[in-house]
Amino acid sequence: MSDPASTLAISAAARDALKTWLDHQRALKGAAENTLTAYRGDVTEFLAFMSVHHGSPHGLGALAKITVSDMRAWMAQTRTTGVGPRSLARKLSAVKAFYRWLAEREGFEPTAVLSTRAPKFTKKLPRPLAVDAARELIDCVETQARAPWVAARDVAVLTLLWGCGLRISEALGLTGADAPLPQVLRITGKGGKERVVPVLPAARLAVDAYLKACPHAREAKGPLFRGVRGGALSPGVIQKVMASARMQLGLPASATPHAMRHSFATHLLDAGGDLRAIQELLGHASLSTTQAYTAVDTLRLMEVYNSAHPRA
């Protein structure tokens, strides 16, 4: 998140351009609000640096004249603040996306920005849980909460993540109108992409048990999963619940709520599920993303190919 003092160093024209670009990303590309917040912070920090670097607020004309040397200075300064290679690569990606749009709109050559190389980093593969570990984790979570309805709630959320492959934001985005859960859910994921997700009987039963125990009245437009005081359940609460459970079970720090989604994909694939079908269930635009989530190696891909292709 950019700091307000830095934002003031940016020219009005640059601020307006950034706002217009973000509106464009929201309206035409369906960017999620979390993505837009990250874009806003990253590009604002970049523009503020350039203003300070050159000693005055950077208008659009000055932005068109940024050099390779300026880009190196920004990257070097960003690294000194403790930003790692992965985060710096994300910031650079946001800046490039903004500049690509700005250059087309203003008619200048953005090569200095677009040719800047991102720092190298080792991409970490998701680490799914073993089937037994996922079961033990849900069992452990059930015994942690003092109130039975809270235990039922936590179990229901994690069962949806593991049993349906939902993101935590998607599970917590369900409303009272979604209950009782049908056999299939229509989920709107990242970028407004809609997908149909089958709901396992175990997930429906877990949610039903939570609803029967929950002391808060169900409202059609209200959140399905409630916090202790009746408000919307925060993702942070589920993250803390899992952190406590994994410590009790001796599981690694990678055993997060999102790891349950990874596990959903991996366990389906291990049971003979089709990679393309799993891609649809997860809501991924790219099959390569699904491959990373499922920790698929080349041998496993060849097995799927040989068993499925008509000429194999």
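Computed from a prediction, not measured in an experiment: that's the story for all the values here. Numbers here simply count residues along the sequence, with the first being 1.
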Once you round to the nearest 0.5 Å, how far does [atom1] of [X] lie from [atom2] of [Y]?
X	Y	atom1	atom2	answer
Leu200	Thr159	CG	OG1	9.5 Å
Leu160	Met260	CG	CE	10.5 Å
Leu249	Leu129	CG	CG	10.0 Å
Glu170	Thr188	CD	OG1	8.5 Å
Cys140	Asp154	SG	CG	11.0 Å
Arg153	Ile238	CZ	CD1	5.5 Å

Do [X] and [Y] touch side chain to side chain, with heavy atoms closer than 4.5 Å?
X	Y	answer
Arg79	Pro85	yes
Pro235	Leu172	yes
Arg204	Gln183	yes
Val207	Leu224	yes
Phe46	Ile66	yes
Ile187	Arg167	no
Arg226	Pro215	no

Side-chain donor/acceptor of [X] to backbone N/O of [Y], under 3.5 Å:
X	Y	value
Gln144	Val241	yes
Glu109	Thr111	yes
Thr78	Trp74	yes
Arg218	Ala179	yes
Ser93	Ala89	no
His258	Leu161	no
Thr175	Lys221	no
Arg246	Gly250	no
Arg261	Gly165	yes

Please determine whether side chain to side chain contact (heavy atoms under 4.5 Å, CB included) holds for the pair Arg135 and Trp162, giving the CA-CA distance in whole Å, both sets of side-chain angles, and the decisive distance to 0.1 Å. CA-CA 10 Å; Arg135 287 187 181 129; Trp162 184 32; 3.6 Å; yes
Evaluation steps, side chain to side chain contact (heavy atoms under 4.5 Å, CB included), between Leu47 and Arg15: CA-CA 9 Å; Leu47 295 175; Arg15 285 200 301 271; over 6 Å; no
Heavy-atom pair of closest approach, residues [X] and [Y]:
X	Y	answer
Arg105	Ala17	NH2-CB, 3.8 Å
Pro257	Ile168	CB-CD1, 4.0 Å
Ala145	Val150	CB-CG1, 3.7 Å
Ile138	Leu158	CG1-CB, 4.1 Å
Val155	Glu142	CG2-CB, 3.6 Å
Ala156	Phe225	CB-CE2, 3.8 Å

Under the criterion side chain to side chain donor-acceptor pair (under 3.5 Å), I'd like the reasoning laid out for Thr67 against Asp70: C-alpha separation, chi angles, the key distance, then a yes or no. CA-CA 5 Å; Thr67 66; Asp70 292 331; 3.2 Å; yes
Asp16 with Lys19: basic N within carboxylate O range, under 4.0 Å: no
With Val113 as partner, the option from Leu102, Leu63, Val95 fulfilling side-chain contact (heavy atoms from CB on, under 4.5 Å) is Val95
Checking Trp101, Trp21, Phe98 against Tyr39 for ring-ring contact (aromatic ring centres under 6.0 Å, His included), the one that qualifies is Trp21
Cluster overlap Leu137 with Met247, hydrophobic side-chain contacts below 4.5 Å: no
Linking I/L/V/M/F/W/Y whenever any side-chain heavy atoms sit under 4.5 Å apart, do Val131 and Leu251 land together? yes
